[in-house]
Amino acid sequence: MERVIAHIDIDYFYAQVEEVENPALRERPVAVCVFSGRTEDSGVVATANYRARELGVSSGMPIALARRKLEGKDPVMIRMDHAKYEVISERVMQILRAEADVLEQTGIDEAFLDLTKRAGSDYEAARATAEGVKRSVFDGEHLTCSVGIGRSKVVAKLASDKAKPGGIVIVPPDATMSFMKDLPVADLYGVGPKSSEALRGLGIGTIGELAACQLSSLEKTFGRKFAVYLHDAANGADADPVTENKGPSQLMRVITLKQNTTDAETSMEQLAEAVADLRRRLQSQNLSFRTVTAIAILTDLSTKTRSKTFETPIDDLSIVESDILDLFEDLSGSVDREFRRVGIRVSDLRSDQDQSSLSEFLQPAK
DNA sequence: CCCTCGATCAC
DNA sequence: CCTCATATCGAGGG
């Protein structure tokens, strides 16, 4: 059965949320920023509205640079408020869930919807659904979004990209190749700077060229698994299903140090809040972990890690704080540069079943 | 098979 | 001037 997959992406999400909250911002360039706290303006832009984008501001740009570009343009630099966006995201996902056979959230502001059943594999019916989705998100949250529809996740995502901002792009199965063939390989999900460069080395610049390439000639450069993915993706034939989200398999927090250092104690002190936060998140989601990792991002922005795996799952992060200190000390001794940022990761997560209530369930108290 | 680590991607 | 979080892969060592 021909699948009908939609990808929904809320337009410039964080900045649009701020606009909805304060409509006067719509007339001005807005950049939602992650201030790292190192100096007044250190940090990056997370999202900018289109007015700011027209002036050259983009995601990931240093705040100081964005400020220069917006000088004299009545700019608004807003501190990112993740908790606020999370609440709104959840409400949007709730709205989307009602429109899909299966929903897979892939970011705070985007999701895949499998529409195969409700559209009966009919791409005209899918158009009606797409319009309905946009209307319900706008009616419910006053947010605009972009929708792409295609026969696979890769095609749907590509289509929503082309629909931005605020549009709908539908790619019926038989139009897949004509839609994709002239697009640069870098537009494909999963193909970043490194892979594009490697493909360019093979004389492959467009998705059409990639689609025409022998699988075997990709394997040498990319390994079996990624080669198969590239080949399928470029042919609009990736079979990856839309699946409901499962719980996370890792949680992490990274902070930027006030000053560069190699000192483990200093790192731990400044990580205290992050550790407490991770601890809360583990507790609230009822999760245990088996592996804890100390992360150091050095002054050259390279990453070094040291990890430790425990025999039995740990349900309280504070129990292993001394182990974390040890890991940072190990890192200190093994690097020749200072740390710029540090972080903690817990992985190999599992939800710890509440033993008491389980036994009560199996053997009710008399 | 398990563990560790770095790389890559993309949010 | 350079944030933060997640998933996945492959290599290398046991």
Side-chain angles (χ1 to χ4, degrees), chain A residues 7 9-10 12-14 31-47 57-69 79-82 85-86 89 104-111 153-154 157 161 185-199 219 221-230 233 240 243 245-257 260 271 274 277-278 281 290-311 327 330-331 334-335 340-349:
Chain A
H7 183 260
D9 198 323
I10 308 171
Y12 61 103
F13 181 50
Y14 302 156
V32 175
C33 304
V34 185
F35 291 97
S36 70
R38 163 167 283 224
T39 64
E40 176 89 12
D41 258 0
S42 63
V44 296
V45 174
T47 309
V57 174
S58 58
S59 304
M61 174 178 288
I63 294 167
L65 179 54
R67 248 193 225 290
R68 255 175 274 147
K69 296 201 179 258
R79 176 178 302 276
M80 176 163 137
D81 181 351
H82 199 270
Y85 311 135
E86 196 65 57
S89 165
E104 179 177 351
Q105 186 176 345
T106 52
I108 193 166
D109 65 342
E110 57 180 86
K153 282 184 176 180
V154 168
K157 170 107 179 155
D161 260 355
V185 288
D187 281 6
L188 280 178
Y189 182 85
V191 177
K194 298 290 181 181
S195 310
S196 320
E197 190 50 40
L199 284 165
E219 282 180 352
T221 313
F222 298 104
R224 174 77 192 168
K225 194 125 185 174
F226 192 50
V228 168
Y229 169 76
L230 286 174
D240 187 23
T243 48
N245 300 84
K246 34 184 185 43
S249 63
Q250 63 180 53
L251 295 174
M252 74 192 296
R253 273 295 308 261
V254 175
I255 60 141
T256 299
L257 293 161
N260 297 342
L271 272 169
D277 177 51
L278 272 186
R281 284 159 69 188
R290 273 189 64 222
T291 303
V292 62
T293 304
I295 303 166
I297 294 140
L298 310 185
T299 50
D300 66 348
L301 299 187
S302 63
T303 302
K304 288 233 166 243
T305 62
R306 286 293 180 272
S307 62
K308 177 166 182 170
T309 298
F310 300 96
E311 196 68 39
L327 292 168
D330 188 358
L331 277 173
S334 71
V335 299
R340 178 186 172 89
R341 306 168 62 213
V342 289
I344 310 255
R345 170 167 59 220
V346 288
S347 53
D348 202 346
L349 298 181

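Each chain gets a letter, A, B and so on, in the order its sequence line appears, and its residues count up from 1.
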Under 4.0 Å, counting only non-hydrogen atoms across every strand here, what does [X] touch: a base, just sugar-phosphate, or nothing?
X	value
A/Gly43	sugar-phosphate
A/Ser249	sugar-phosphate
A/Val191	sugar-phosphate
A/Arg281	sugar-phosphate
A/Leu65	nothing
A/Phe35	nothing
A/Thr293	nothing
A/Leu327	nothing
A/Leu251	sugar-phosphate
A/Arg306	sugar-phosphate
A/Ser302	nothing

So which nucleotide from [options] ends up closest to the side chain of [X]?
X	options	answer
A/Ala64	B/dC3, B/dC5, C/dC1	C/dC1
A/Arg290	C/dA5, B/dC3, B/dC9	B/dC3
A/Lys194	C/dC4, C/dT8, B/dC9	B/dC9
A/Val44	C/dC2, B/dT4, C/dA7	C/dC2
A/Asp109	C/dC2, B/dC11, C/dC4	B/dC11
A/Arg341	B/dT4, B/dC9, C/dC4	C/dC4
A/Pro248	C/dC9, C/dC4, C/dA7	C/dA7

Find out whether A/Thr293 and A/Leu327 are in side-chain contact, i.e. whether some heavy atom of one side chain is under 4.5 Å from a heavy atom of the other.
no

Do the side chains of A/Asp240 and A/Tyr229 get nearer than 4.5 Å, heavy atoms only?
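No, too far: nothing below the 4.5 Å cut-off.
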
Which one is paired to C/dT3, where only Watson-Crick or G-U wobble pairs with both distances under 3.5 angstrom count?
none

Provide the Watson-Crick or G-U wobble partner of C/dA11, both distances under 3.5 Å; none if there is no partner.
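Per the H-bond distance test, B/dT4.
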
To the nearest angstrom, how far is [X] atom [atom1] from [N] atom [atom2]?
X	N	atom1	atom2	value
A/Glu197	B/dA7	CD	C1'	16 Å
A/Tyr229	B/dA10	OH	C1'	12 Å
A/Asp9	B/dC11	CG	C1'	10 Å
A/Arg340	C/dC2	CZ	P	5 Å
A/Phe310	B/dC2	CZ	C1'	16 Å
A/Asp348	B/dT4	CG	C1'	13 Å
A/Leu301	B/dG6	CG	P	15 Å

When you measure from the side-chain N and O atoms of [X] to the phosphate of [N], is any distance below 4.0 Å, counting only OP1 and OP2?
X	N	value
A/Lys304	B/dG6	yes
A/Arg253	C/dA5	yes
A/Ser42	C/dC1	no
A/Ser195	B/dT8	no
A/Lys157	B/dC11	yes
A/Ser307	B/dC5	yes

A/Asp348 side chain to A/Thr291 main-chain N or O, any donor-acceptor pair under 3.5 Å?
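A pair under 3.5 Å: no.
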
Just by modelled atom types, is the A/Leu298 backbone N or O under 3.5 Å from a matching donor or acceptor in the A/Arg340 side chain?
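Judged by distance alone, no pair lies under 3.5 Å.
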
With A/Tyr85, which of A/Val32, A/Thr47, A/Asp109 fulfils side-chain contact (heavy atoms from CB on, under 4.5 Å)?
A/Val32

Would you check, one step at a time, whether the test salt bridge (Lys or Arg N to Asp or Glu O under 4.0 Å) holds for A/Asp277 with A/Arg281?
CA-CA 6 Å; A/Asp277 177 51; A/Arg281 284 159 69 188; 3.5 Å; yes

DNA chain C nearest-nucleotide lookup for A/Ser36 and A/Arg345: closer to the 5′ end is A/Ser36

Neighbour count above 12 (heavy atom, 6.0 Å) for A/Glu40 CD
no

